[in-house]
Chemist: 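This is the structure I want to talk about, given as structure tokens.
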Amino acid sequence: MPSTDKSEEAAVTQSERHSSGRSRDDRYDAQRIEAKWFERWQNNPQLYAAEPHSAKKKYYVLEMLPYPSGVLHMGHVRNYSIGDALARYMWMNGYNVLHPMGWDSFGLPAENAAIQNNTPPRQWTLGNIAKMKAQMKRLGFAYDWSREVTTCLPEYYRWNQWFFLKLYEKGLAYRKKSKVNWCPQCATVLANEQVLANGCCWRHEDTSVEQRELEQWFLRITRYADELLRDLEKLPGWPEKVVTMQRNWIGRSEGALVDFKLDYTQPHHGFGPAGATIKVFTTRIDTIYGATSIQLAPEHPIVNDLAAGNPELRRKVDQLIAEQRKAKEKGDIGEIEKHGVPTGRYATNPFNGEKIPVWVANYIVMDYGTGAIMSVPAHDDRDYEFAKKYNLEIRLVILPITEGEETMAEPVLPFTAHDGMLINSGPFSGLSCEDAIEKMTEHAEKGGFGNATVTYRLKDWGISRQRYWGTPIPMLYCEKDGIVAVPEKDLPVILPENVEITLAGGSPLARVPEFANATCPKCGGPARRETDTMDTFVDSSWYFYRYTDAHNDRAPFDSKIVQYWFPIDQYIGGVEHAILHLIYSRFWTKFMRDMGLVSNDEPVERLFTQGMVIKDGAKMSKSLGNIVSPDEMVVRYGADAARLYSLFAAPPDRDLDWQDSGIEGIQRFLGRVYRFVFRNAAAAHVGTATPVRAVEQSSAARAIQRKLHQTIKRVTDDFQGRWHFNTCISAIMELVNVLYASEDAIAQGAVPKALLVEVQRDLVVLLAPFAPYLAHELWEMLGQKESLLKAPWPKFDPELAKEEELEIPVQINGKLRSKIVVPADATEELVIERALADEKLRAATAGKQIAKKIYVPSKLLNLVVK
RNA sequence: GCCGGGAUGGCGAAAUUGGCAGACGCAGCGGACUUAAAAUCCGCAGGGGCCAAAAGCCCUGUGGGGGUUCGAUUCCCCCUCCCGGCACCA
């Protein structure tokens, strides 16, 4: 928030600079105007309230809610300026607009702040919210604050707990052991973001982070994997990029599971599970006759068994595990050099009974498929590379289909294409790959050693966090009854305050006996409370439903109200949320639909992802010292200028390179608008209220009228479609330039008052979505009594936008040679006639033959000469 | 490696359907106003050449190379670089 004293200081210095005799009011003083309207808007909390029941069409525009770090940055300003412009545009078009804001207010930074400043997380968070809310209000964003949602308050998070119980009832929440990052020095779990590139702890740079197994709660998002994938097709209003990212994230792949039996021979190699089954996942069962080894992930359970009695193998496998972990931490698991170890054991290919060696390899990962593959060097890049290195057999079983040739050429290995024909594959030889996949899967199913399956990259969502500042998971552990859910009537499980937050020893809540010790609701005996809290992505998965019915204390929301407002018509936010937040939200919606709470399949109709705000070619950051503070911009140039510039400097979907001199130009433009209306507003008070529909006579009046309607069209079209607000604002600038060029004519009375009134009023309305403070000031200056917020958007009239004369460029052989001026309704014949009469063109075509005349109506004439 | 997005003056950018490349703004230059400066208003402005200068004219120009077309920033093929996402995905 710009502290009041700061703003006043700036206002004073500005007044002093300009106090040179001019009348005070013809100077655009953003601070004075914005202070005045800020005051009025504060005193009217109902101003931006959505109507609960309305005959109007609804429009739900939403910007992603911020984490309350304590200060808005330019990325926020850009995000909210886009949303606010749209909300205001929709209001002026007569819609019942829902435009809410809230706070994603659980999360780790509050705990860090608690440790650093000895401030309780709640106090720190609520203080930050107050600061940021004040900043938003100062920027003039039109939010319905009566619906504000703060996720860290019990009236919100109790519904997280309620949903969790419902998920648990439906078997969609479950507990299982899972790996977490553990720092032995801190004695706590670390988020992935807290593990450094070298695999060490962010606080102890010489301490390697370990992987530990912990019992964690998971949500079964994978049950919806297919629908989440399929319904991406129902989202034409989403950026292609985001849809693709989600598709890849879900990562569906069809294939088959095939069982290879581990054999009994060579028992001296350990006490491994002779006769055990190795399940492999393959998308190319058609290549199975070419399998010459089995490759297991180093962390595969069978490998553990095989290595149990074999210290040498154990040592080598551990090394493979270390290599994988290192590569994973560096983020380039694909770059790791392939290594492997033979186990000395064999497994049987169920298709041909062949015994093939079983290896452990570092290029197989445990968390995809089954963690085991059949290696087919002839038809897979990675298997080929591995086989070459370790001299394993490479057996060709697919030949490329070459049309019209008798003999088939041996392909260059590895041959991985699908359009081939099987050879050396027993009864399946001669089939195409496609047919073979079907027949061989069938064969495996009949034989009981395999089946068709679908694998996803998407994993179930682990929501347990060993942290304090989050929603308590409403579960109990009773010695007698085991895992017991907290009964609904006992919700919310309140997050206790005055908890000592340190980095030592796992979940802070576990050290609060009043919290951790509870009574079992089943047997009345002692029970231990779950002391982990929920991932904050749970909070943001459904918050936008809560806005529609924010004060409901009997349910998360009323389904009827949600049905009126959903789906969200337009959601706007950073592309960094393209995967997690947006996929979790979609999952949550589908779960709520299956519960019968909502009737929409998808939460968001249209999604818009804005670009980043950068400076000097780099993302703004403290370490680079290139941060631009919104507060400072507001004090120096005003909220309108800051907002308008954030829309003007680049199309909203692209990155925006912030330039201080650019915002100065915007401030100058706002000044030009202000001064024009200041000088010409008087006319408005005696002007007519009816729009000018007749074509004006004087050329100055015509020019103004024409430009006005062209501008209305450009701005309106952009709101309807591609949202290039930068060009909308350019268009308004051009209109203002025309008005300035007409000032002599206006002074001479060549522009009728009615038009002068209309052009000013429309100009102010066109500007209102982008620069609301100035627009309101000028609206009042024009003597308008009704609210600008819901003033009708001007109508474009093509008749009035029409040019009378056109300048037609004339090309000869595609090169511009001259321009001719013709009446706007000129026929092709007339244009050609004029062109042939043009001196330059006559000179250029002299002595040559015109072979072809290409006329693009109103656009261009091209003469092809020889 | 795969999938997206991008590359246009000194800078941010525009050209919405294959039709005048550079709208609008910044920075720059010139002029008006002023004792002066600021502010404001008006004008010039891709690069190069012919020219003393101006007007005018010519050539050239949208990352590079090729193609389609009367005509390409826009469509097709190949390549380079930058940004984002995913990644031994079996």
Side-chain angles (χ1 to χ4, degrees), chain A residues 17-18 20 22 26-27 239-245 247-249 251-253 255 280-284 295 297 324 327 331-338 361-365 367-376 380-383 385-386 455-457 575-576 578-579 611-612 614 617 645 648-651 653-666 668-669 671-672 675 714 717-718 721-722 724 726-734 736-737 740-741 743 807-816 818-819 840 851-856 858-865:
Chain A
R17 259 189 306 174
H18 294 276
S20 56
R22 255 172 196 273
D26 81 334
R27 176 175 54 80
E240 190 55 41
K241 180 186 180 178
V242 173
V243 170
T244 305
M245 280 164 77
R247 187 175 290 125
N248 292 340
W249 187 261
R252 183 181 200 273
S253 93
V280 307
F281 174 70
T282 178
T283 54
R284 292 296 305 274
Q295 301 290 343
Q324 269 192 346
D332 58 351
I333 203 159
E335 305 301 311
I336 186 174
E337 199 188 326
K338 293 181 178 45
N362 65 355
Y363 73 101
I364 310 301
V365 294
D367 56 6
Y368 183 78
T370 59
I373 64 150
M374 59 176 203
S375 175
V376 185
D380 181 278
D381 293 310
R382 295 149 302 170
D383 295 345
E385 189 188 332
F386 190 85
T455 304
Y456 298 92
R457 209 192 80 95
V575 74
E576 63 273 19
I579 297 175
M612 282 190 306
I614 58 177
Y645 179 67
F648 175 70
D653 52 341
R654 276 217 246 162
D655 285 353
L656 185 163
D657 196 349
W658 189 276
Q659 295 181 344
D660 284 347
S661 57
I663 190 172
E664 279 173 34
I666 287 293
R668 273 201 283 273
F669 163 68
R672 272 166 81 82
R675 283 187 299 275
R714 284 181 64 182
D717 284 355
D718 253 311
R722 53 170 209 167
H724 280 196
N726 54 331
T727 59
C728 291
I729 295 164
S730 313
I732 299 172
M733 286 173 172
E734 286 179 46
V736 172
N737 290 346
Y740 268 72
E743 279 207 284
E807 195 186 48
I808 303 287
V810 185
Q811 300 180 333
I812 290 175
N813 292 344
K815 283 193 177 180
L816 182 69
S818 184
K819 292 177 181 181
K840 276 188 222 160
K852 213 171 172 184
K853 300 163 193 152
I854 295 151
Y855 178 60
V856 185
S858 310
K859 284 264 171 70
L860 163 144
L861 176 67
N862 187 15
L863 303 174
V864 184
V865 303

Chemist: Taking A/Cys728's backbone N and O only, do any of them form a donor-acceptor pair with A/Arg714's side chain (distance below 3.5 Å, no angle check)?
Modeler: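 Looks like no, no N/O pair under 3.5 Å.
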
Chemist: Applying the Watson-Crick and G-U wobble criteria at under 3.5 Å, what pairs with B/U80? Answer none if nothing qualifies.
Modeler: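 Base-paired to B/A7.
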
Chemist: Describe the nucleic acid contact of A/Asn726 in one word from base, sugar-phosphate, nothing, applying a heavy-atom distance below 4.0 Å.
Modeler: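 Result for A/Asn726 = sugar-phosphate.
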
Chemist: Counting any heavy atom closer than 4.0 Å, what does A/Asn737 reach on the DNA or RNA strands: base, sugar-phosphate only, or nothing?
Modeler: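 Contact class for A/Asn737: sugar-phosphate only.
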
Chemist: Considering every strand shown, what is the Watson-Crick or G-U wobble mate of B/C50 when both distances are under 3.5 Å?
Modeler: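 Check on B/C50: paired to B/G56, both distances under 3.5 Å.
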
Chemist: Which one, B/C88, B/C3, B/A90, comes nearest to the side chain of A/Phe281?
Modeler: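 Selected nucleotide: B/A90.
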
Chemist: What contact category does A/Lys815 fall into here, base, sugar-phosphate, or nothing, at under 4.0 angstrom with non-hydrogen atoms?
Modeler: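 It contacts sugar-phosphate atoms only.
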
Chemist: What is the base-pairing partner of B/A38, counting Watson-Crick and G-U wobble geometry with both distances under 3.5 Å?
Modeler: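 Base-paired to nothing in any strand shown.
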
Chemist: Please give the distance between the C1' atoms of B/G65 and B/G25 as a whole number of Å.
Modeler: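 Rounded to whole Å, the distance is 35 Å.
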
Chemist: Need one value for A/Gly251: base, sugar-phosphate or nothing, where a base atom within 4.0 Å counts as base even if backbone is also close, heavy atoms only.
Modeler: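 Touches nothing.
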
Chemist: Classify the nucleic acid contact of A/Asp380 as base, sugar-phosphate or nothing, counting any heavy atom under 4.0 Å across all strands shown.
Modeler: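 Nothing, no nucleic acid heavy atom in range.
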
Chemist: Below the 4.0 Å mark, does B/C88 have OP1 or OP2 next to a side-chain nitrogen or oxygen of A/Lys338?
Modeler: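 No, because none of the side-chain N or O atoms of A/Lys338 sits under 4.0 Å from OP1 or OP2 of B/C88.
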
Chemist: When you measure from the side chain of A/Tyr645 to the backbone of A/Glu664, do you find a donor-acceptor pair of N or O atoms at a distance under 3.5 Å?
Modeler: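 Not confirmed, A/Tyr645 side chain does not pair with A/Glu664 backbone.
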
Chemist: Which pair of heavy atoms, one from A/Ile364 and one from A/Gly371, lies closest together, and at what distance?
Modeler: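 What the structure gives for the nearest pair is CG2-O, 3.5 Å.
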
Chemist: Minimum heavy-atom separation for A/Ser858 to A/Ile808, with atom names?
Modeler: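 Here A/Ser858 and A/Ile808 meet closest at C-CD1, 3.7 Å.
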
Chemist: Would you measure the distance from the P atom in B/U69 across to the matching atom in B/U74 and give it in whole Å?
Modeler: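 That atom pair is separated by 16 Å.
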
Chemist: Say you pick atom C1' in B/U60 and the same atom in B/C11; how far apart are they, in whole Å?
Modeler: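 To the nearest whole Å, 23 Å.
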
Chemist: Under 4.0 angstrom, heavy atoms only, what part of the nucleic acid is A/Arg668 near: base, sugar-phosphate, or nothing?
Modeler: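 It contacts sugar-phosphate atoms only.
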
Chemist: Using the P atom in both, what is the distance from B/G4 to B/C79, to the nearest Å?
Modeler: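 Straight-line distance between the two P atoms is 15 Å.
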
Chemist: How far, in whole Å, is B/G5 from B/U17 if one measures between their P atoms?
Modeler: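 To the nearest whole Å, 16 Å.
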
Chemist: What integer number of Å spans the P atoms of B/C75 and B/A14?
Modeler: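 After rounding to an integer number of Å, I get 16 Å for this pair.
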
Chemist: Check every strand shown and say whether A/Ile808 touches a base, only sugar-phosphate, or nothing at a heavy-atom separation below 4.0 Å.
Modeler: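 The answer is nothing, as A/Ile808 stays clear of every strand by at least 4.0 Å.
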
Chemist: What distance, rounded to whole Å, do you find between the two P atoms, one in B/C76 and one in B/G9?
Modeler: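 Result for the P pair: 23 Å, nearest Å.
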
Chemist: Report yes or no: is the cationic atom of A/Lys338 (NZ for Lys, CZ for Arg) under 6.0 Å from the centre of the six-membered ring of A/Phe386, at an angle within 45° of the ring normal?
Modeler: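 No.
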
Chemist: Heavy atoms only, 4.0 Å cut-off, all strands: where does A/Phe386 land among base, sugar-phosphate and nothing?
Modeler: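 It contacts nothing in the nucleic acid.
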
Chemist: Could you tell me whether B/G9 is syn or anti, where syn means a glycosidic angle within 90 degrees of zero?
Modeler: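 Here the answer is syn: the torsion falls within 90° of 0.
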
Chemist: Which one is paired to B/U68, where only Watson-Crick or G-U wobble pairs with both distances under 3.5 angstrom count?
Modeler: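 Partner of B/U68: none found under 3.5 Å.
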
Chemist: When the P atoms of B/A45 and B/A21 are considered, how many whole Å apart are they?
Modeler: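 Taking atom P in both B/A45 and B/A21, they lie 16 Å apart.
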
Chemist: So A/Pro651, base contact, sugar-phosphate only, or nothing? Heavy-atom distance under 4.0 Å.
Modeler: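 Answer is sugar-phosphate: A/Pro651 comes under 4.0 Å of backbone atoms only.
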
Chemist: A/Arg457 side chain N/O closer than 4.0 Å to the phosphate oxygens (OP1, OP2) of B/C2?
Modeler: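 No, no such contact exists.
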
